[in-house]
**Student:** 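Before I ask anything, let me first share the structure, which is written out below as structure tokens.
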Amino acid sequence: MENRDPLEVFLNTVQDGFLLLDREGTIVRAGRWMEERFPSASPLAGKKCYAVLHEKTQPCAGCVCEADLGADDPCTCILSRESEDGRTCWLQTKVYPLRDADGRFSGAIAHITDITAQKCTEERLKDEIYRRRLLVDQSRDGIVVIQQDGKVYEANEKYARMLGYAVEEVRELHMWDWQEGFTKEELLHMIETVDAAGDHFEQRHRRKDGSYYDVEISTNGAVIGGQKLVFCVCRDISEKKAMERQIREMAIRDPLTDLYNRRYIFERLDEMEAEYSRTKRDFCISIIDLDNFKTVNDSYGHVVGDQVLKEFAGTLAASVRRCDLVGRYGGEEFIILSRNTGPAETIMMVERLMDTVRNKPMMFNDREISPTFCCGIAGRSELPPEDSSVDALLRRADARLYSAKDAGRNCYVYSEAAAR
């Protein structure tokens with residue numbers, strides 16, 4: 001099966017618009033949804049976001065792409081435009097800043113949603129709140145109307161399905177029956193304060209079966225017949241949130257082995273060092289190098305070599321505790337960060353790992369490969385006060401790795417004594 005870029009699949013499948021922007025506001029990637037709704041500007045890649053969306057020649061004031069203010073909150077705006085058939089449609093744009101490992105602004109993701117139906121509904125809300133046509137079952141969004149006492153006034157079929165109830169059951173519920181993260185008093189205060197201008201936010205809802213899902217909500221409050229009602233348009237964004245988590249995960253993983261990448265490991269190592277300074281809880285570093293890996297590449301080719309790396313990485317990940325971290329250090333080198341543990345426990349872990357690898361030959365196209373590795377181990381507590389740092393710990397583990405190589409490989413070194 002052809003391997004497809006997950007980001008491309010996401011951009012061309014989701015029923016919203018997405019733009020991947022660089023730090024200057026230039027469109028790097030655009031989804032099919034955007035290309036179809038802006039045909040006169042297509043292809044969008046290479047054009048400025050503000051030129052496509054707002055027909056401007058300069059960045060929008062306050063946009064994250066104009067100036068990085070150090071904030072992580074999205075920049076939100078609503079714009080209107082005339083469609084190809086002459087109708088006015090409304091789009092909501094949320095621009096999320098992206099940051100590199102050092103927290104520097106590196107670009108943005110723009111999420112564009114067609115809210116034309118919502119805008120029209122808001123304008124008719126006061127006169128049409130009693131009319132069921134506002135709650136049409138064909139709506140792709142869940143719609144629920146809440147009374148001032150928190151009880152459901154009305155809900156459509158879509159919203160009932162989102163919660164896992166029948167419509168009749170939903171009408172007997174109160175907000176706190178599904179709302180996660182707020183007390184009854186806090187929810188009643190939210191109902192009291194929402195007005196005609198409304199709000200737009202994300203929350204988590206609890207289904208009838210106890211499971212949770214992420215939801216994007218637009219609210220408006222209105223007084224109808226002397227009774228305050230809150231009109232809510234709800235969209236299940238669980239898949240979008242899952243994709244965002246996947247994209248974040250891709251940024252910290254080595255693409256070949258799926259272990260953590262070097263940058264992520266070093267970030268966590270700095271955190272462990274800071275924790276050690278506060279608590280004196282020991283931790284250890286194990287730097288591992290596959291023995292004679294060049295021979296594998298030369299004898300069997302790089303495809304087999306990559307398979308050896310992936311299978312060895314899987315063995316590493318399965319051999320450590322859940323609280324430990326395993327990463328690809330570079331090439332055929334790997335690193336294990338053992339949390340809240342001393343050298344004795346780490347040595348036992350490395351010995352078990354060596355036994356596992358020695359007794360688990362790898363098969364590739366009827367070829368048996370039996371890799372071994374050498375390892376250098378260093379514990380944070382062994383460093384002298386005058387030379388106590390992450391760099392010093394890495395140097396010590398790396399020096400012991402080379403001592404293991406010099407001792408004939410297929411062994412580990414912890415102290416300055418002989419390899420084992």
**Student:** Where is the tightest heavy-atom contact between Ile288 and Cys375, given as atom of each residue plus distance?
**Tutor:**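 In this case the closest contact between Ile288 and Cys375 is CG1-SG, 3.8 Å.
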
**Student:** Is it the case that atom NZ in Lys151 sees more than 12 heavy atoms from other parts of the structure closer than 6.0 Å?
**Tutor:**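 Yes, the 6.0 Å shell around NZ holds more than 12 heavy atoms from other groups.
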
**Student:** Between Asn292 and Thr295 (side chain of the first, backbone of the second, donor and acceptor by atom type, cut-off under 3.5 Å), is there such a pair?
**Tutor:**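 Between the backbone of Thr295 and the side chain of Asn292 there is no qualifying donor-acceptor contact (under 3.5 Å).
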
**Student:** Is any NZ, NE, NH1 or NH2 atom of the basic residue among Arg268 and Glu271 found under 4.0 Å from an Asp or Glu carboxylate oxygen of the other?
**Tutor:**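 The answer is yes: the pair qualifies as a salt bridge.
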
**Student:** Do NZ/NE/NH1/NH2 and the carboxylate oxygens of Lys241 and Asp214 come within less than 4.0 Å?
**Tutor:**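 Result for this pair is no, no salt bridge flagged.
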
**Student:** Regarding Asp291 and Thr372, do their side chains bring together a donor and an acceptor under 3.5 Å, going by distance alone?
**Tutor:**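 Checked: Asp291/Thr372 side chains pair up, N/O donor to acceptor below 3.5 Å.
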
**Student:** Charged N to carboxylate O under 4.0 angstrom, Asp324 versus Arg321?
**Tutor:**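 Answer for the salt bridge query: yes.
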
**Student:** Ignoring hydrogens, what is the shortest heavy-atom contact between Arg140 and Asp16? Give both atom names and the distance.
**Tutor:**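 Here Arg140 and Asp16 meet closest at NH2-OD1, 4.1 Å.
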
**Student:** Answer yes when Asp102 and Arg104 have at least one side-chain N-carboxylate O distance shorter than 4.0 Å, and no when they do not.
**Tutor:**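 Yes.
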
**Student:** Answer yes or no on whether Arg204 is positioned over the face of Tyr213, meaning its NZ or CZ is under 6.0 Å from the six-membered ring centre and within 45° of the axis.
**Tutor:**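 The answer is no; the distance or angle limit is not met.
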
**Student:** Closest heavy-atom contact between Lys158 and Gly142?
**Tutor:**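 Lys158 and Gly142 have their closest heavy atoms at CG-N, 3.5 Å.
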
**Student:** Side chains of Thr26 and Lys48: is there a donor and an acceptor less than 3.5 Å apart?
**Tutor:**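 Side chains of Thr26 and Lys48: pair found under 3.5 Å.
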
**Student:** Quick check: does any side chain N or O of Lys228 sit under 3.5 Å from a backbone N or O of Val194, one acting as donor and the other as acceptor?
**Tutor:**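 Yes, Lys228 side chain to Val194 backbone: donor-acceptor pair under 3.5 Å.
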
**Student:** Go through the steps for Asp282 and Arg380 under the test salt bridge (Lys or Arg N to Asp or Glu O under 4.0 Å), then give the verdict.
**Tutor:** CA-CA 6 Å; Asp282 203 7; Arg380 176 60 182 85; over 6 Å; no

**Student:** Closest approach of Ser338 and Met272, non-hydrogen atoms and distance?
**Tutor:**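 It is O-CE, 4.2 Å.
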
**Student:** For Glu311, is there any backbone N or O sitting under 3.5 Å from a side-chain donor or acceptor partner on Thr315?
**Tutor:**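 Judged by distance alone, yes, a pair lies under 3.5 Å.
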
**Student:** Walk me through whether Ser389 and Asp391 qualify under side chain to side chain donor-acceptor pair (under 3.5 Å).
**Tutor:** CA-CA 5 Å; Ser389 66; Asp391 288 341; 5.3 Å; no

**Student:** Spell out, as yes or no, whether a donor-acceptor pair under 3.5 Å connects the side chain of Asp177 to the backbone of His174.
**Tutor:**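 Yes, the answer is positive, given that a donor and an acceptor are paired below the 3.5 Å cut-off.
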
**Student:** Answer yes or no: is there an ion pair linking Glu169 with Lys208, defined by an N-O contact shorter than 4.0 Å?
**Tutor:**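 Looking at Glu169 and Lys208, the cut-off is met.
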
**Student:** Under 3.5 Å, side chain of Asp195 to main-chain N/O of Gly198, donor-acceptor pair present?
**Tutor:**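 Checked: pair present.
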
**Student:** Thinking salt bridges, do Arg400 and Glu382 make one under a 4.0 Å N-O criterion?
**Tutor:**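 Result for this pair is yes, salt bridge flagged.
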
**Student:** For the residue pair Gln148 and Glu192, confirm or rule out a side-chain donor-acceptor distance under 3.5 Å.
**Tutor:**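 Judged by distance alone, the side chains do not pair up.
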
**Student:** I'd like to know if Asp298 and Lys294 make a salt bridge, using a cut-off of under 4.0 Å between side-chain N and carboxylate O.
**Tutor:**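 So Asp298 pairs with Lys294 through a salt bridge.
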
**Student:** Is a side-chain donor or acceptor of Arg339 paired with a backbone partner of Arg322 at a separation under 3.5 angstrom?
**Tutor:**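 Not confirmed, Arg339 side chain does not pair with Arg322 backbone.
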
**Student:** Using side chain to side chain donor-acceptor pair (under 3.5 Å), reason through Thr113 and Gln92 one step at a time and then give a plain yes or no.
**Tutor:** CA-CA 5 Å; Thr113 308; Gln92 176 178 269; 4.9 Å; no

**Student:** Whether the side chain of Lys47 engages the backbone of Ala41 through a donor-acceptor N/O pair (distance < 3.5 Å, no angle test) should be reported.
**Tutor:**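 Flag set: sc Lys47 to bb Ala41 pair under 3.5 Å.
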
**Student:** Under the 3.5 angstrom rule, does the side chain of Ser42 hit a backbone N or O of Leu44 as a donor-acceptor pair?
**Tutor:**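 Judged by distance alone, no pair lies under 3.5 Å.
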
**Student:** Could you pull out the closest heavy-atom pair between Ala196 and Asn220, with the gap in Å?
**Tutor:**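 Between these two residues, the closest heavy atoms are O-ND2, 2.9 Å.
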
**Student:** Classify the angle between the aromatic ring planes of Phe18 and His111 as parallel (below 30°), tilted (30 to 60°) or perpendicular (above 60°).
**Tutor:**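 Rings of Phe18 and His111: parallel, under 30°.
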
**Student:** Quick one: do Glu180 and Tyr212 satisfy side chain to side chain donor-acceptor pair (under 3.5 Å)? Show the steps, please.
**Tutor:** CA-CA 9 Å; Glu180 175 70 8; Tyr212 293 89; 3.3 Å; yes

**Student:** Looking only at non-hydrogen atoms, find the nearest pair between Arg262 and Tyr329 and report the distance.
**Tutor:**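 Smallest heavy-atom distance, with atoms named: NH1-O, 2.7 Å.
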
**Student:** Using atom types as modelled and distance alone, determine if a side-chain donor or acceptor of Glu186 lies under 3.5 Å from a backbone N or O of Thr183.
**Tutor:**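 Between the backbone of Thr183 and the side chain of Glu186 there is a qualifying donor-acceptor contact (under 3.5 Å).
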
**Student:** For the ring pair Phe373 and Phe334, is the centre-to-centre distance below 6.0 Å?
**Tutor:**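 No, too far apart.
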
**Student:** Do Asp387 and Arg395 meet the salt-bridge criterion of a basic N to acidic O distance under 4.0 Å?
**Tutor:**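 Judged by the 4.0 Å cut-off on N to carboxylate O distance, Arg395 and Asp387 do form a salt bridge.
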
